Amino acid sequence: MTTSEALRRQLLGLIDGQDARMPFEAAVADFPDAAINSRAPNVAVTPWHLLEHIRMAQRDILAYIQDRDYLEPSWPDEYWPAPGADASSEEFAATVASIRADQRSLHDLVADPATDLMATIPGTPGHTILREIRIVAEHNAYHVGEFAILRQVMGTWPPDRQG
């Protein structure tokens with residue numbers, strides 16, 4: 001295995017949620033519709049807010065990599081839903097589906113041997129795909145962990161959950 005192949009394998013593990021963190025799929029599995037917009041004590045966001053933030057930030061990084069006409073969203077308004085915003089079960093499902101689709105796009109980009117992970121992304125101050133994948137993976141891992149803890153605090157894990 002070449003160094004490039006080993007690096008790709010490690011990055012794919014980050015994107016796919018392998019190794020020492022909970023995968024996205026495990027975190028969102030069997031989430032109850034009744035809790036989508038619930039708030040835990042002393043927590044300013046809902047479960048949907050956290051997932052929608054993951055979606056918005058991940059989509060931003062994907063656009064940063066792929067779109068040469070990229071315009072940076074404004075912080076925090078375009079990275080978080082409005083504090084009072086609620087989602088329907090359909091909107092929650094759409095958020096989850098969008099996260100999955102963008103993760104698949106990032107996975108496919110990294111898995112493609114034609115992708116130069118170390119090349120500077122045009123129009124950036126020296127940023128590479130490697131840098132952006134690392135950032136999105138770290139960001140997602142952090143917030144998926146928050147989501148899992150929020151589930152624990154709210155008591156939304158299925159009673160037969162293992163692990």
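Computed from a predicted model, the values in this text were never measured in an experiment.
- Considering only heavy atoms from C-beta on, Thr128 comes within 4.5 Å of Arg131 through its side chain.
- Between Ile15 and Phe24 there is no side-chain heavy-atom pair separated by less than 4.5 Å.
- With hydrogens and angles disregarded, a donor-acceptor distance shorter than 3.5 Å links the side chain of His49 to the backbone of Thr46.
- Under a 3.5 Å cut-off, the side chain of Arg55 and the backbone N or O of Val96 do not form any donor-acceptor pair.
- Ser98 places no side-chain N or O within donor-acceptor distance of the main-chain N or O of Ala94, the cut-off being under 3.5 Å.
- Under the 4.0 Å criterion applied to side-chain N and carboxylate O atoms, Glu138 and Arg134 are assigned as salt-bridge partners.
- No donor-acceptor pair under 3.5 Å is formed between the side chain of Asp16 and the backbone N or O of Gln18.
- Put simply, the side chain of Arg59 never gets that close to the backbone of Asp102: no donor and acceptor are under 3.5 Å apart.
- Residues Leu106 and Gln58 form a side-chain contact, since some pair of their non-hydrogen atoms from C-beta on lies under 4.5 Å apart.
- Judged by distance alone, with hydrogens and angles left aside, the side-chain atoms of Glu132 form no donor-acceptor pair with the main-chain N or O of Ile129 at under 3.5 Å.
- Checked by atom type and distance alone, the side chain of Arg8 never pairs as donor or acceptor with a backbone atom of Ala111 at under 3.5 Å.
- Looking only at distances, no side-chain donor or acceptor of Gln10 sits under 3.5 Å from a matching main-chain atom of Leu7.
- Within the 3.5 Å criterion, the main-chain N or O of Asp77 finds no donor-acceptor partner in the side chain of Ser74.
- Between Phe31 and Phe147, the ring-plane angle classifies as tilted under the 30° and 60° cut-offs.
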